[in-house]
Amino acid sequence: YDEGGRGGLYGEKDNLRLSVAGASHGPSVSLAGEWAYKVEVELKPAPQKEKPKPPTGSLSQHDPGVLYDNMLAALIPYGIRGAIWYQGEANTKRAFQYRTLFPTMIKDWRSAWGQGDFPFLFVQLANFHPHWSGPGQRSEDEWAELREAQTLTLGLANTGMAVTTDIGDRDNIHPRNKQDVGKRLALWALAKTYGQSVVHTGPVLAGQKIEKGRIRVSFTSAEGLRPGPGAGGRVQGVTIASADRQFVAALAAIEGDALVVSAPGVDRPVAVRYSWSDSPVGNLENRAGLPASPFRTDKWPGFTDKRK
């Protein structure tokens, strides 16, 4: 069933051939010509100007278990060295649920293969959607909360996360720059799986300390903490709030491996957020040029907490 095309094999018939993978020379079989086929599901003709109803049940990738049964089950229990996962956009409406869903899937894969806690590397959602008018507006928290759920998954053993909020495309949910995504995943593998001495992650929130009129935020992997290029030496994307939970744009100064955050009019701050939006503009990074993961220091109820 092909909802968006003509079905069948696409391409010039002379280029469609079956050959041994990796062999530049040798015998091959042409796939051009007439093909035999079998109709698996008979679709009733749709009324004029209406799309035909897509197949249901085991033919729909949106049904539970279909992708697992058709793309993973046959590979178990062949040897596995590790996994790379790039997904989450479809889960943003229920980002809080992803805190349970994602680590449960990882545990299930590891249990199914029975080969221990093999490396599981994943990509945090890139920047996407237009910039909203300010913190907390419209549905921007959905993507931020999904990224938070991904960050929390690092609590599982032998997992790694590539941050991509600086290399996405706010107008394209599938950004073209996959090279840098692959490089950042590779750094995790080189450091954690192959034991090489390389910086493999950008700054990750470690905690906060409330001082008089300001908050000091500490990180791990923050050696050489700095703002990225093109911002005039200023750290962008930081907001701060007092107990009223109203976040405002903040001033952020780097002191060693910490970020000192304050804002005029916020005399008793209690929480800091960084890059907390669908398409953030945060530019905090370490000496290796790896971006800081978006974060919040508060534990206030989220936008998606009660969604099922």
Side-chain angles (χ1 to χ4, degrees), residues 99 121-127 135 143-168 180-181 183-185 187-188 190-192 196-241 247-263 266 269-277 280-300 302:
R99 294 183 178 200
L121 310 180
F122 53 93
V123 180
Q124 192 181 55
L125 290 187
N127 48 308
W143 281 61
E145 289 176 20
L146 195 288
R147 294 188 188 105
E148 182 179 52
Q150 292 174 312
T151 304
L152 291 172
T153 303
L154 291 173
L156 283 183
N158 213 10
T159 56
M161 180 180 74
V163 177
T164 61
T165 46
D166 62 324
I167 54 175
D180 286 319
V181 176
K183 289 176 182 178
R184 292 176 185 180
L185 289 169
L187 290 174
W188 274 93
L190 290 173
K192 296 301 184 179
Q196 294 189 19
S197 181
V198 296
V199 179
H200 60 282
T201 179
V204 178
L205 174 69
Q208 73 169 17
K209 179 181 179 182
I210 299 177
E211 301 174 349
K212 186 177 181 180
R214 63 184 192 174
I215 297 178
R216 184 177 299 270
V217 182
S218 58
F219 304 90
T220 59
S221 302
E223 296 80 5
L225 195 65
R226 66 189 187 188
R234 294 177 288 105
V235 177
Q236 297 177 314
V238 184
T239 59
I240 195 169
F247 283 89
V248 299
L251 303 174
I254 295 174
E255 293 186 5
D257 294 339
L259 196 64
V260 179
V261 184
S262 62
V266 182
V270 297
V272 171
R273 291 183 177 183
Y274 169 73
S275 285
W276 198 260
S277 67
V281 295
N283 64 339
L284 192 64
E285 63 182 30
N286 59 15
R287 184 180 291 112
L290 295 175
S293 176
F295 66 83
R296 61 171 175 158
T297 64
D298 62 274
K299 301 297 182 183
W300 295 330

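Since the model is a prediction, treat every value here as computed from it, not as a measurement.
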For the student: nearest non-hydrogen atoms of R184 and T164, plus distance: NH1-CA, 4.0 Å
Sub-4.5 Å side-chain heavy-atom contact between V238 and V217: no
Looking at L125, is its backbone amide N or carbonyl O close enough to the side chain of Q150 to form a donor-acceptor pair, meaning the two atoms are under 3.5 Å apart? yes
Return yes if some donor-acceptor pair links the side-chain N/O of T165 with the main-chain N/O of N127 below 3.5 Å, else return no. no
Is the closest side-chain heavy-atom distance between V235 and N283 below 4.5 Å? yes
Search all heavy atoms of S221 against all heavy atoms of G202 and return the closest pair with its distance. CB-O, 3.5 Å
Give a yes or no answer on whether the side chain of T153 reaches the backbone of A149 with a donor-acceptor pair at less than 3.5 Å. yes
Got a sec, which pairs hit salt bridge (Lys or Arg N to Asp or Glu O under 4.0 Å) with one end in residues 149-158, sequence neighbours left out? none
Under the side chain to side chain contact (heavy atoms under 4.5 Å, CB included) rule, what do L290 and V163 come out as? Steps first, then yes or no, please. CA-CA 8 Å; L290 295 175; V163 177; over 6 Å; no
Can you tell me how far apart CD (Q208) and CZ (R214) are? Round to the nearest 0.5 Å. 13.5 Å
Of the non-hydrogen atoms in V266 and A241, which two are nearest, and what is the gap between them? CG1-C, 4.2 Å
Approximate separation, where rounding is to 0.5 Å, of F219 CZ and F295 CZ: 4.0 Å
S293 side chain to V204 backbone, donor-acceptor under 3.5 Å: no
Donor-acceptor contact present, side-chain S275 to main-chain G237, <3.5 Å: no
Solution key, residues 254-261 side-chain donor-acceptor pairs under 3.5 Å, sequence neighbours excluded:
residue	atom	partner	partner atom	Å
E255	OE1	R216	NH1	3.0
E255	OE1	R216	NH2	3.1

Please table the atom pairs, donor to acceptor, closer than 3.5 Å between any side-chain atom in residues 223-234 and protein atoms at least two apart or in another chain.
residue	atom	partner	partner atom	Å
R226	NE	E285	OE2	2.8
R226	NE	N286	O	3.4
R226	NH2	E285	OE2	3.1
R226	NH2	R287	O	3.4

Over all heavy atoms of both residues, which pair between W188 and H200 is shortest? Give the atoms and the distance, please. NE1-O, 3.2 Å
Donor-acceptor pair, distance only, cut-off 3.5 Å: does the side chain of R147 make one with the backbone of A126? yes
Starting from the C-alpha separation in whole Å, work towards a yes-or-no answer on side chain to side chain contact (heavy atoms under 4.5 Å, CB included) for V270 and D298. CA-CA 8 Å; V270 297; D298 62 274; over 6 Å; no
Using modelled atom types only, decide if a donor and an acceptor are shared between the side chain of Y274 and the backbone of L205 within a distance under 3.5 Å. no
Minimal heavy-atom distance between W300 and A271, with the atoms involved, is CH2-CB, 4.0 Å
What's the spacing between K192 NZ and L190 CG if we round to 0.5 Å? 12.5 Å
Grab the two heavy atoms, one from A250 and one from A263, that are nearest each other, plus how far apart they are. CA-CB, 4.2 Å
Could you check if a side-chain atom of L154 sits within less than 4.5 angstrom of a side-chain atom of F122, using non-hydrogen atoms only? yes
State, with a plain yes or no, whether a side-chain heavy atom of T151 is found less than 4.5 Å away from one of M161. yes
Can a donor-acceptor pair be found, under 3.5 Å and without considering hydrogens, that links the side chain of E148 to the backbone of R99? no
Output the distance between atom CD1 (I240) and atom OG (S262), rounded to the nearest 0.5 Å. 6.5 Å
